[in-house]
Amino acid sequence: MPAFGSWAIRLVRRQRLALLSGALLWFGAMAAGAAVGVGEGSGVEMNPAQPGLTTWWHIFSANASVALLAFGGVITLGISTLLFTLVSGALTGFGLGKAYAVAGPSVMAAHVLPHAVIELPAVAVAIGAGITPLLALVRYLTGDRVQRPRVRDVLTDSTGLLVICLALLLVAATIETWVSTL
């Protein structure tokens with residue numbers, strides 16, 4: 001496991017601009033959606049799931065699907081990731097704002113916060129993975145890098161960030177299933 005840890009640290013350092021950009025996009029879109037959603041309490045029901053492997057798989061696969069959609073932007077040099085992030089971030093924030101209006105801060109803290117502190121940054125990592133090719137191209141075109149980025153290296157870094165994201169989502173799904181549902 002130490003090899004994975006040192007590899008992940010080197011990757012995060014190398015792609016810190018992509019990670020920061022992904023987090024700013026994701027959390028900015030979520031904040032905009034939440035600002036609108038807080039005043040909208042209707043349409044949200046409190047229906048806690050029952051802990052179990054089926055619930056865990058449902059949570060993990062849904063979150064992994066979002067991560068894969070964000071990561072899929074590598075095909076379009078990150079452009080589709082940008083659009084996906086703005087829409088999904090705003091909708092996620094809107095839903096959280098609505099839930100907050102219905103449930104209140106104590107329920108949100110007990111049933112959302114335990115897993116959200118891992119899950120939401122994990123999605124930001126997937127967004128960073130999706131925009132890594134775009135940022136490499138922009139850095140090259142603006143003269144930030146002397147050497148032209150190698151496609152293989154950019155795709156390897158993007159895929160590595162996706163691996164980190166999925167590992168975090170495994171942990172978040174476990175917490176959401178056996179902690180947040182109680």
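Residue indices begin at 1 and follow the sequence shown.
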So do Leu96 and Met108 actually touch side chain to side chain, heavy atoms under 4.5 Å? yes
Taking CZ in Phe27 as the centre, count heavy atoms belonging to other residues, nucleotides or ligands within less than 6.0 Å. Is the count above 12? yes
Side-chain heavy atoms under 4.5 angstrom apart, residues restricted to Ile, Leu, Val, Met, Phe, Trp, Tyr: same cluster for Val154 and Val12? no
If you compare all heavy atoms of Phe71 against all heavy atoms of Ser158, which two are closest, and at what distance to 0.1 Å? CE1-O, 3.5 Å
In terms of hydrophobic clustering (I, L, V, M, F, W, Y; side-chain heavy atoms under 4.5 Å; direct or indirect links), are Leu91 and Leu86 co-clustered? no
Test item: Thr81 side-chain N/O and Ala70 main-chain N/O as donor-acceptor pair under 3.5 Å: yes
Under 4.5 Å between any side-chain heavy atoms of Val66 and Phe84, yes or no? yes
Can you get from Tyr100 to Leu120 by hopping between Ile, Leu, Val, Met, Phe, Trp and Tyr side chains that sit under 4.5 Å apart? yes
Backbone N or O of Arg10 within a donor-acceptor pair of the Arg13 side chain at under 3.5 Å? no
Under the salt bridge (charged side-chain N to carboxylate O under 4.0 Å, His left out) definition, can you give me all pairs with a residue in residues 61-83, not counting sequence neighbours? none
Which atom of Ala64 lies closest to which atom of Leu166, heavy atoms considered: CB-CD2, 3.9 Å
Worked check of side-chain contact (heavy atoms from CB on, under 4.5 Å) between Thr54 and His58: CA-CA 6 Å; Thr54 302; His58 175 72; 5.6 Å; no
Is it the case that more than 12 heavy atoms not belonging to Ile75 sit under 6.0 Å from its CD1 atom? no
Heavy-atom check, side chain of Val102 versus side chain of Lys98, under 4.5 Å: no
With a 4.5 Å limit on heavy-atom distance, are the side chains of Val74 and Thr132 in contact? no
Looking at Trp56 and Thr174, what are the two nearest heavy atoms and their distance? NE1-OG1, 3.1 Å
Compute whether any side-chain donor of one residue and acceptor of the other, for His115 and Ser180, lie under 3.5 angstrom apart. yes
As an exercise, state the distance from CG of Leu83 to OG1 of Thr76, rounded to the nearest 0.5 Å. 8.0 Å
Quick check: do Thr177 and Phe60 have side-chain heavy atoms less than 4.5 Å from each other? no
Can you check whether Trp7 reaches Ile164 side chain to side chain, under 4.5 Å on heavy atoms? yes
With a 4.5 Å cut-off on side-chain heavy atoms, are Cys165 and Val123 touching? no
Measuring only between side-chain heavy atoms, which start at C-beta, is Ile118 closer than 4.5 Å to Ile175? yes
Taking all atoms of both residues into account, what is the closest heavy-atom pair of Pro121 and Ala116, and its distance? CD-O, 3.5 Å
Show the nearest heavy-atom pair for residues Ala18 and Leu135, with the distance to one decimal. CA-CD1, 3.2 Å
I'd like to know if Val87 and Leu134 are part of one continuous hydrophobic network [Ile/Leu/Val/Met/Phe/Trp/Tyr, side-chain heavy atoms within less than 4.5 Å]. no
In terms of hydrophobic clusters joined by side-chain contacts under 4.5 Å, are Val179 and Val171 together? yes
